[in-house]
Amino acid sequence: MDSIGSAGLRQGEEALSYPEEGLPGPSDSSELVQECLQQFKVTGAQLQQIQASLLGSMEQALRGQASPAPAVRMLPTYVGSTPHGTEQGDFVVLELGATGASLRVLWVTLTGTEGHRVEPRSQEFVIPQEVMLGAGQQLFDFAAHCLSEFLDVQPVSKQGLQLGFSFSFPCHQTGLDRSTLISWTKGFRCSGVEGQDVVQLLRDAIQRHGAYNIDVVAVVNDTVGTMMGCELGARPCEVGLVVDTGTNACYMEEARHVAVLDEDRGRVCVSVEWGSFSDVGALGPVLTTFDHTLDHESLNPGAQRFEKMIGGLYLGELVRLVLAHLARRGVLFGGGTSPALLSRGSILLEHVAEMEDPSAGAARVHAILQDLGLSPGASDVELVQHVCAAVCTRAAQLCAAALAAVLSRLQHGREQQTLQVAVATGGRVCERHPRFCSILQGTVMLLAPECDVSFIPSADGGGRGVAMVTAVAARLAAHRRLLEETLAPFRLNHDQLAAVQAQMRKAMVKGLRGEASSLRMLPTFVRATPDGSERGDFLALDLGGTNFRVLLVRVTTGVQITSQIYSIPESVAQGSGQQLFDHIVDCIVDFQQKQGLSGQSLPLGFTFSFPCRQLGLDQGILLNWTKGFNASDCEGQDVVNLLREAITRRQAVELNVVAIVNDTVGTMMSCGYEDPRCEIGLIVGTGTNACYMEELRNVAGVPGDSGRMCINMEWGAFGDDGSLAMLSTCFDASVDQASINPGKQRFEKMISGMYLGEIVRHILLHLTSLGVLFRGQQTQCLQTRDIFKTKFLSEIESDSLALRQVRAILEDLGLPLTSDDALMVLEVCQAVSQRAAQLCGAGVAAVVEKIRENRGLEELAVSVGVDGTLYKLHPHFSSLVAATVRELAPRCVVTFLQSEDGSGKGAALVTAVACRLAQLTRV
Ligand code: BG6
Ligand code: GLC
Ligand code: GLC
């Protein structure tokens with residue numbers, strides 16, 4: 001067998017000379033001893049193979065590829081950056097699992113100033129064996145008990161304590177305070193804990209105990225605590241190594257390389273969990289018969305094979321197995337054994353450490369052996385020292401190979417030729433075995449020569465590091481609370497929505513009667529939906545949504561549409577009325593020329609999506625502008641007249657304006673052409689509004705009592721009398737104040753596309769001012785009005801989008817943000833759009849219930865024709881509207897039909913119906 005060790009290097013291996021400080025020289029005792037010790041020798045080639053194989057397992061695990069054997073686990077920890085040095089506050093730290101059968105509680109004060117350190121206070125408790133192997137609840141109750149016992153004698157308040165939980169076992173973390181135990185390692189085997197969130201178990205136990213109000217803020221692995229507690233030095237400390245009862249390391253990995261995270265920026269601390277490394281090819285050759293026996297007799301046979309060669313829980317046991325073997329073979333202790341030598345666990349890590357320490361002297365070794373009931377001779381003492389040294393040397397070398405693999409990984413990840421890095425070391429084996437550390441360091445230098453590594457022993461067993469993570473987690477939790485408080489007014493419950501529905505219903509009735517109401521309930525003079533017998537070519541205009549369109553609509557047995565979009569610059573929309581209508585006529589002329597329609601006077605339907613008081617189908621007095629329009633000298637004028645005047649000014653065209661139609665009406669008519677049950681039109685786009693077929697007898701101001709008429713509700717203005725004040729947030733108020741029509745269209749400003757982005761922007765500004773977002777830094781970009789388009793809400797909330805794409809959208813806006821920020825922005829968007837959809841649903845519920853009651857029906861089946869960019873593009877809006885309607889109007893079966901061709905087609909159909917009816921009267 002190739003070997004390096006006390007027997008020296010084999011020929012051909014001189015190039016790699018691995019350090020083995022202070023090991024006693026070759027003994028001249030029997031062949032048997034040599035043979036036995038030989039088994040613990042590991043060659044340079046073997047170490048390199050372990051390093052390479054481990055690196056391979058690590059990279060495979062990072063890529064998310066499952067391997068047949070439980071190789072290293074590479075568990076992301078949700079720690080995204082090494083400490084800033086500015087963390088401060090008092091924290092309780094509870095350590096479980098790092099150091100054998102003991103549990104430690106610490107009180108750590110972080111001062112927030114570098115170099116200024118307050119020594120932590122701490123207390124250690126021994127965990128009884130029956131608790132380590134008993135029911136999980138018992139273990140956590142024990143922990144809660146220890147916490148109280150410690151805190152009882154500290155001069156601290158019983159309230160509002162923040163705790164960091166150092167739990168050193170392999171766990172799947174899903175947040176800084178959520179961590180599911182995968183499997184126990186080392187000497188623990190409590191029932192009912194594997195597969196459970198250990199933070200929750202601890203919280204439950206603390207609550208059962210009842211003595212203190214403690215918030216468990218973060219959970220960390222001991223390696224992470226070790227790394228995070230490292231003093232800030234010249235070079236970044238990006239690796240934490242622990243060799244205590246067990247062994248493991250963590251390091252800062254590039255987040256983009258951790259497949260499970262779906263994150264492309266920054267770094268994340270990954271706990272390697274190398275204790276479970278078990279590649280037979282690499283480890284097989286170095287496993288001894290003693291390792292196999294130890295594994296067989298352990299609590300977890302077959303598991304943690306690598307750890308069982310390095311961890312402090314196992315080193316004493318390996319020594320014991322070798323000594324018992326040699327004694328039985330007559331080589332040691334004159335062939336005598338003792339009950340202690342033959343019982344598991346009788347030689348502890350401390351014993352091994354002392355016995356192999358050359359300065360300890362023969363007398364100490366002698367005493368330890370005597371305590372074990374043995375009677376050692378002088379040569380026995382020397383031999384026992386050899387055995388201890390061989391076991392520990394191998395452990396240090398294997399640990400070095402593993403650490404070298406982590407360093408190579410860091411180097412690969414960063415694509416750097418040479419790497420300068422500090423490794424924080426912790427755990428009793430590292431701290432108390434000077435030989436272990438120097439062999440480890442020397443071997444690492446040989447295995448990873450391109451890495452310039454400095455080793456920094458952790459000052460207080462990682463407690464400070466745990467407190468650091470806890471401080472960060474506490475800050476994040478406080479941010480979350482502020483976020484929740486901010487968004488709470490957007491989360492409407494059933495009662496609030498039912499109240500909106502009831503108020504809407506009242507306002508509808510008043511508006512229909514002509515009484516004071518924020519709902520104008522405007523008659524449209526549309527009395528019938530198309531019956532399919534309409535024929536002809538029609539022109540249509542569609543003004544008031546995202547696009548201004550001119551259309552040619554051919555109605556035969558079906559409907560054919562040719563259309564063109566024209567832009568209306570803001571300067572025109574908000575300039576003079578004459579300019580606006582001249583521009584519209586110019587567009588019509590252009591369209592006619594392009595379509596070869598010049599000189600023809602086709603009947604024209606005008607979708608004009610603003611509140612108009614109609615006196616007939618072709619007469620509509622603009623009551624007021626809404627949305628982004630504010631052209632002068634139009635309010636109070638008949639829009640059809642304004643258009644006709646512009647036509648006259650233009651002379652070249654002749655147009656026959658037959659009907660003026662609101663977009664809701666156009667949408668209802670267009671969907672009604674396909675489905676005769678469509679008696680409601682709904683728009684959720686730039687603005688929002690609805691229309692529906694009302695009984696004429698309920699409509700004041702229009703002669704006749706029989707039949708129905710379509711009523712344009714103009715529900716965007718709902719609440720302009722103050723009735724929505726209870727629901728309005730300060731963000732709604734800001735959006736309203738900054739709009740061109742303050743105090744107007746309050747319902748619309750909570751729902752429609754023109755405003756949702758602005759609401760989100762105002763919330764983001766507020767959260768930034770609280771320091772919750774963007775690290776509290778206000779950017780110029782976020783101060784810019786309308787920068788946050790409503791289409792971003794639709795994009796950000798799209799399920800198929802990963803968080804990193806969300807971030808890309810925001811970064812395009814000039815908002816540099818972390819993943820935490822991105823998540824919060826997403827939640828803000830969700831809260832705002834959910835409220836919008838629910839309010840809209842409450843409105844629809846009021847309408848369908850009114851129709852049902854009008855008709856005296858137990859149940860109503862009705863369809864709603866819907867259009868608008870927000871409704872169509874947003875991934876959840878439509879289903880939220882439908883769900884709200886189901887909840888608030890359970891006796892109505894409501895089908896939502898999305899309009900395919902916009903309301904221009906509807907305007908043409910209204911025109912077609914009017915032409916058909918006109919012809920009939922002529923006949
Ligand atoms: C379309 C109409 O149906 O929907 C427009 O053709 C209407 O006139 C629009 O205003 C509403 O959607 P948006 O998102 O364009 O305002
Ligand atoms: C074991 C645990 C690991 C821990 C290590 C050192 O390997 O599984 O989580 O870091 O021991 O305590
Ligand atoms: C605005 C208009 C209204 C229109 C709605 C949808 O609320 O006042 O007439 O229907 O926007 O475009």
Side-chain angles (χ1 to χ4, degrees), residues 73 75 95 97-100 166-171 181-186 188 220-226 240-250 271-276 303-304 306-307 310-313 426-427 429 462 520 522 540-549 551 563 607-612 622-629 661-667 670 681-691 712-718 744-745 747-749 751-754 790-791 865-873 898-907:
R73 296 193 190 263
L75 302 167
E95 284 178 1
T99 303
S166 169
F167 184 76
S168 303
F169 300 95
C171 290
L181 175 64
I182 299 171
S183 59
W184 288 113
T185 53
K186 305 178 276 191
F188 285 78
V220 291
N221 186 265
D222 52 357
T223 54
V224 183
T226 300
L241 164 73
V242 168
V243 192
D244 200 300
T245 312
T247 181
N248 185 19
C250 70
S271 166
V272 179
E273 284 294 336
W274 67 32
S276 54
Q304 302 290 106
F306 193 56
E307 180 161 83
I310 302 173
L313 181 62
V429 177
R520 288 201 179 100
L522 301 165
L541 300 179
D542 186 354
L543 177 77
T546 317
N547 297 311
F548 168 51
R549 294 200 301 167
L551 307 88
S563 73
T607 301
F608 183 73
S609 311
F610 300 94
C612 288
L622 174 64
L623 296 173
N624 56 273
W625 287 112
T626 55
K627 302 177 280 193
F629 282 75
V661 176
N662 187 263
D663 53 357
T664 53
V665 181
T667 299
S670 151
L682 170 67
I683 298 285
V684 194
T686 315
T688 182
N689 188 15
C691 71
N712 168 14
M713 293 175 67
E714 283 298 327
W715 83 11
F718 177 54
K744 301 276 164 55
Q745 302 293 103
F747 194 55
E748 178 159 87
K749 286 172 184 164
I751 296 178
S752 76
M754 185 156 171
T790 298
K791 74 168 190 213
V866 200
D867 209 342
T869 35
L870 179 58
Y871 187 91
K872 283 180 163 173
L873 294 185
Q898 285 201 15
S899 154
E900 296 299 332
D901 308 291
S903 33
K905 171 181 163 186

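Heavy atoms only: backbone and side chains are in, while hydrogens, waters and symmetry mates are out. Indexing begins at 1, ligand by ligand and atom by atom, following the structure's order.
Scanning the protein heavy atoms around atom 12 (O) of ligand 1, the nearest turns out to be Gly868 CA, 3.2 Å. In terms of protein heavy-atom proximity, atom 2 (C) of ligand 2 is nearest to Ser168 O, 3.3 Å. Among all protein heavy atoms, the one lying closest to atom 14 (O) of ligand 1 is Thr869 OG1, 2.3 Å. Atom 8 (O) of ligand 2 has its closest protein heavy atom at Glu273 OE1, 2.8 Å. Nearest protein heavy-atom contact of atom 10 (O) of ligand 3 is Asp663 OD1, 2.6 Å. Distance from atom 11 (O) of ligand 2 to its nearest protein heavy atom, with residue and atom name: Lys186 NZ, 2.9 Å.
Taking a cut-off of under 4.0 Å to the non-hydrogen atoms of Thr626, the atoms of ligand 3 that pass are 1 (C), 2 (C), 8 (O). Every atom of ligand 3 is numbered from 1 in the order shown, and the set under 4.0 Å from a heavy atom of Glu748 is 1 (C), 7 (O), 11 (O). Which parts of ligand 3 touch Ile683 is read off a 4.0 Å heavy-atom cut-off, strictly below it: atoms 6 (C), 12 (O). Near Asn689, with a cut-off below 4.0 Å to any heavy atom, the atoms of ligand 3 are 3 (C), 4 (C), 5 (C), 9 (O), 10 (O). Those atoms of ligand 1 that come under 4.0 Å of a heavy atom in Asp867, given as number and element, are 1 (C), 3 (O), 4 (O). Close approach of ligand 1 to Ser609 (heavy-atom distance below 4.0 Å) involves ligand atoms 8 (O), 10 (O). Listed by number with element, the atoms of ligand 1 under 4.0 angstrom from any heavy atom of Gly685 are 12 (O), 13 (P), 14 (O), 16 (O). Remark: ligand 2 atoms within the under-4.0 Å shell around heavy atoms of Gln304 are 7 (O). Contact atoms of ligand 1 toward Gly545: 10 (O), 15 (O), 16 (O) (distance under 4.0 Å to a heavy atom of the residue). Residue Thr546 has at least one heavy-atom neighbour below 4.0 Å for each of these atoms of ligand 1: 13 (P), 14 (O), 15 (O), 16 (O).
No option in Val665, Val661, Asn662 other than Val665 meets the side-chain contact (heavy atoms from CB on, under 4.5 Å) test with Cys691.
Summarising the contacts of atom 12 (O) of ligand 2 with Leu181, Asp222, Thr99, Leu75, the nearest heavy atom is found in Asp222. Here atom 16 (O) of ligand 1 lies nearest to Thr686 when heavy atoms of Thr688, Asp901, Ile683, Thr686 are compared.
Taking only nitrogen or oxygen atoms, main chain and side chain alike, Asp663 reaches within less than 3.5 Å of ligand 1. Backbone and side-chain nitrogen or oxygen atoms of Ser903 are examined, and one is located within less than 3.5 angstrom of a nitrogen or oxygen of ligand 1. The N/O atoms of Thr607, backbone and side chain alike, include none that comes under 3.5 Å of an N/O atom in ligand 1. Residue Glu714 has at least one N or O atom closer than 3.5 Å to an N or O atom of ligand 3. Considering backbone and side-chain N/O atoms, Asp542 comes within less than 3.5 Å of an N/O atom of ligand 1.
Contact annotation: Gly544 has no heavy atom less than 4.0 Å from any atom of ligand 3. In this structure, Val242 is part of the shell of residues with a heavy atom less than 4.0 angstrom from ligand 2. Proximity of Gly687 to ligand 3 is established by a heavy-atom distance of less than 4.0 Å. For Gly275, the heavy-atom gap to ligand 2 stays at 4.0 angstrom or more.
Glu95 is linked by a salt bridge (Lys or Arg N to Asp or Glu O under 4.0 Å) to Arg104, counting only residues two or more places apart in sequence or in another chain.
Contacts with ligand 3 closer than 4.0 Å are made by side-chain heavy atoms of Asn662 only, the backbone lying farther away. When heavy-atom distances to ligand 2 are checked against a 4.0 Å cut-off, Thr247 comes that close only through its backbone atoms N, CA, C and O.
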Check the pair Asp244, Thr99 against side chain to side chain donor-acceptor pair (under 3.5 Å), reporting the backbone distance first and the verdict last. CA-CA 6 Å; Asp244 200 300; Thr99 303; 3.3 Å; yes
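In this structure, a donor-acceptor pair under 3.5 Å is present between the side chains of Asp663 and Ser609.
Counting heavy-atom neighbours within 6.0 Å of Lys791 NZ, excluding the residue itself, gives a total of 12 or less.
A donor-acceptor distance shorter than 3.5 angstrom exists from the side chain of Thr245 to the backbone of Ala98, with no hydrogens or angles considered.
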